[in-house]
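We number each residue from 1, following the sequence as shown. When a ligand or atom number is given, it counts from 1 through the structure's own listing order.
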Amino acid sequence: MPHTLERITVFTGSSPGRGEAYLTAARAVGTRIAQRGYGLVYGGGNVGLMGAVASAARDAGGEVIGVMPQALLNKELAHRDLSAFEVVPDMHARKMRMADLADGFVALPGGIGTLEEFFEAWTWLQLGIHAKPIALYDVDGFWDPALALVDRLVDEGFVAHGLRDHLIVATDPDELLDRFLQWTPPPPKWPETTSPTAALR
Ligand code: AMP
């Protein structure tokens with residue numbers, strides 16, 4: 001059954017990265033998400049790639065929801081032109097809210113914050129806390145080392161093949177969105193688990 005897709009959460013760097021390629025990719029993803037009628041959920045900042053993806057989506061007329069912890073309001077410079085801006089108590093509440101609002105997650109290039117958010121969303125899928133697609137958006141092989149590590153984890157028996165096979169890796173915004181729509185969840189890691197969300201609340 002095709003996956004329902006209304007809003008997409010984007011994790012990406014609070015820095016712009018070196019050169020223009022990352023900024024260009026972030027703008028392309030934000031623009032296309034909006035043009036195809038999807039909402040964008042992100043960390044709410046107006047810095048780095050996160051600011052670029054949000055501004056591009058707004059410029060294309062899209063819905064953009066920012067979710068930011070109180071403590072980061074000044075540091076990540078809250079974006080002033082969003083459809084909605086939610087202030088949450090802390091980082092944990094931010095990730096929970098971004099996960100609740102979205103029907104899928106994509107990590108664009110970024111730093112340790114981006115990695116942390118991506119891997120947490122992916123582990124929640126593994127545990128059955130949600131059943132939403134997870135994607136890496138690649139720019140010039142940026143994610144190759146991370147994918148090599150994940151493949152090693154699979155080879156060494158620490159990650160299920162199914163989980164890896166259901167990870168979307170895309171290099172073009174339309175490819176990304178089409179694959180979100182076609183996605184089906186991997187087999188559950190712990191099929192007997194009945195209410196995994198209870199562990200988070
Ligand atoms: P970075 O990739 O390090 O530039 O960070 C990208 C985004 O991730 C920024 O909005 C950070 O505030 C956010 N971030 C970093 N660590 C966490 C965390 N533990 N939970 C939620 N967001 C985080």
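Other residues, nucleotides and ligands contribute at most 12 non-hydrogen atoms within 6.0 Å of the CD atom of Glu6.
No side-chain donor-acceptor contact under 3.5 Å links Thr31 to the backbone of Ala57.
Listed by chain and number, Thr12, Gly13, Ser14, Met50, Leu72, Glu76, Met91, Arg94, Lys95, Gly110, Gly111, Ile112, Gly113, Thr114, Glu116, Glu117 each place a non-hydrogen atom less than 4.0 angstrom from ligand 1.
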Could you list the donor-acceptor pairs under 3.5 angstrom formed between side-chain atoms of residues 135-149 and any protein atom two or more places apart in sequence or on another chain?
unit_1: Tyr137; atom_1: OH; unit_2: Thr171; atom_2: O; d: 3.3
unit_1: Asp138; atom_1: OD1; unit_2: Phe142; atom_2: N; d: 3.1
unit_1: Asp138; atom_1: OD1; unit_2: Trp143; atom_2: N; d: 2.7
unit_1: Asp138; atom_1: OD2; unit_2: Gly141; atom_2: N; d: 3.0
unit_1: Trp143; atom_1: NE1; unit_2: Tyr137; atom_2: O; d: 3.0

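A 4.5 Å side-chain heavy-atom check between Pro133 and His166 finds every atom pair outside the cut-off.
Ala54 meets the side chain to side chain contact (heavy atoms under 4.5 Å, CB included) test with Leu40, Tyr42, Val64, His79, Leu82; sequence neighbours excluded. Listed by chain and number, the residues in a side-chain hydrogen bond (donor to acceptor under 3.5 Å, both in side chains) with Asp151 are Arg164 (sequence neighbours excluded).
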